[in-house]
Amino acid sequence: MLLNDKQLLEIQENLKTSTKKLNELKEQHADHTKKISDIHDSISSKNDEIKKLEGDKIGHNNMLVKIANEHNPLNVSINKLEKQISEHERKVAINTMVEKQPKFYDVMLKRLVRLQDDLSDCGTQFITFIEPKEAVEKIKKAANQQGFSQSTLDLRSGLENYNRLIRDMCTERVDGGTVTLEQSKRNIDSIDKWLMIPIVSQYWKSEA
């Protein structure tokens, strides 16, 4: 069947339009295919990057564990050293304060003079006193003798108690506490009491 001119023209126009559309679809297909390919390449590249990042993350985590293993013992060691230094400084401060306090035999001499004065008020016909400095020197010499007899230990107890009470008060002050009047008086009370025990009193008095 032969086509007339109009039919042929219409067919040719349809063919031209269809061919153009087909070519456009081919180009779009090729373009999307390329983009899909590019996306796959990008995903592949990013997967490789993710794997690398995951590997880096594992490496950093391992380093954190290593650092913690070194840090924690080191921190304990530093705390221990700081505590040792702090305790050393505390002891030095206590010892320095102790050294500034009146010495036992100096205080004992003052207390003995006062004790003999007080006892003199009780009468002068009953007790003969030995000169305080002489008595202190004799007590000191006897207390410094070697040995651990009961009498020697009793003589030493005055010095030991005094030094202990002085150190307790100095420790209280260095540690930020307050030394009360009662605590301060405890020192001289202990000396007064110690001076009155027979093993000590025999050095500073004799019956008339």
Side-chain angles (χ1 to χ4, degrees), residues 64-65 67-123 126-206:
L64 287 177
V65 173
I67 290 171
N69 289 337
E70 294 183 21
H71 171 276
N72 294 339
L74 187 60
N75 193 49
V76 171
S77 177
I78 289 173
N79 289 337
K80 182 179 179 181
L81 294 173
E82 289 177 343
K83 184 177 180 180
Q84 289 176 338
I85 292 173
S86 177
E87 183 61 25
H88 169 76
E89 291 174 345
R90 174 178 175 270
K91 290 180 179 178
V92 168
I94 292 172
N95 290 339
T96 300
M97 185 174 289
V98 167
E99 286 300 316
K100 294 179 180 179
Q101 305 311 308
K103 305 306 177 188
F104 170 71
Y105 288 106
D106 294 334
V107 177
M108 187 186 80
L109 177 59
K110 292 180 180 180
R111 300 310 300 174
L112 180 56
V113 169
R114 183 170 298 183
L115 176 60
Q116 289 180 345
D117 287 342
D118 289 344
L119 290 174
S120 294
D121 293 337
C122 298
F126 312 108
I127 303 174
T128 300
F129 295 121
I130 298 171
E131 200 278 326
K133 287 186 178 180
E134 179 184 348
V136 169
E137 287 301 319
K138 287 182 178 180
I139 293 173
K140 185 176 181 181
K141 182 178 179 180
N144 288 336
Q145 288 181 348
Q146 292 184 347
F148 297 94
S149 65
Q150 188 58 51
S151 60
T152 303
L153 294 176
D154 288 341
L155 288 172
R156 292 172 183 167
S157 66
L159 172 64
E160 292 170 352
N161 287 336
Y162 177 83
N163 287 341
R164 177 178 56 80
L165 291 170
I166 282 290
R167 180 166 290 276
D168 288 346
M169 289 191 295
C170 291
T171 300
E172 184 73 22
R173 286 300 300 274
V174 168
D175 289 343
T178 300
V179 176
T180 65
L181 183 63
E182 290 74 15
Q183 287 175 301
S184 298
K185 191 173 182 297
R186 200 177 301 162
N187 259 6
I188 56 177
D189 288 345
S190 70
I191 294 176
D192 291 346
K193 183 179 179 180
W194 173 77
L195 283 169
M196 291 298 294
I197 64 177
I199 192 63
V200 179
S201 64
Q202 66 177 338
Y203 286 94
W204 58 264
K205 62 90 182 177
S206 60

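Just so you know, these numbers use all the heavy atoms, side chains as well, and skip hydrogens, waters and symmetry mates. Model, not experiment: these values are computed from the prediction. Index from 1, following the sequence.
No side-chain heavy atom of Val200 sits less than 4.5 Å from a side-chain heavy atom of Asp154. At a threshold of 4.5 Å between non-hydrogen side-chain atoms, the residues Asp192 and Leu115 do not count as touching. For the pair Arg186/Asp168, no side-chain contact is recorded, criterion being any heavy-atom separation below 4.5 Å from C-beta on. With contacts defined as side-chain heavy-atom distances shorter than 4.5 Å, the pair Ile191/Val107 qualifies. Contact check for Arg173 versus Ile94: no side-chain heavy atoms found under the 4.5 Å cut-off. Put simply, the side chain of Lys103 does not reach to within 4.5 Å of the side chain of Tyr162, judged on heavy atoms. Using a 4.5 Å heavy-atom cutoff, the side chains of Gln116 and Leu112 are in contact. Inter-residue side-chain proximity for Asp118 and Arg114 is flagged as met; some heavy-atom pair is nearer than 4.5 Å.
Taken from CD in Glu137 to NZ in Lys133, the straight-line distance is 9.5 Å, to the nearest 0.5 Å. Taken from OG1 in Thr171 to CG in Asn95, the straight-line distance is 8.5 Å, to the nearest 0.5 Å. Rounding to the nearest 0.5 Å places OG of Ser86 at 6.0 Å from CD of Glu89. Rounding to the nearest 0.5 Å places CD of Glu172 at 6.0 Å from CD of Gln183. Between the CH2 atom in Trp204 and the CG atom in Leu119 there is a gap of 5.0 Å [rounded to 0.5 Å]. The structure places OH of Tyr105 at 12.5 Å from CG of Leu109, a figure rounded to the nearest 0.5 Å.
Glu134 has a carboxylate O that lies under 4.0 Å from a charged side-chain N of Lys138, or vice versa, which qualifies the two as a salt bridge. Using a 4.0 Å cut-off between charged nitrogen and carboxylate oxygen, Glu87 and Arg90 count as a salt-bridge pair.
For the pair Ser77 (side chain) and Pro73 (backbone), a donor-acceptor distance under 3.5 Å is absent. Side chain of Gln202 to main chain of Ile199: a donor-acceptor pair is present (N/O by atom type, distance under 3.5 Å, no hydrogens or angles).
Contact between Thr152 and Gln145 at its shortest, heavy atoms only, is CG2-O, 4.0 Å.
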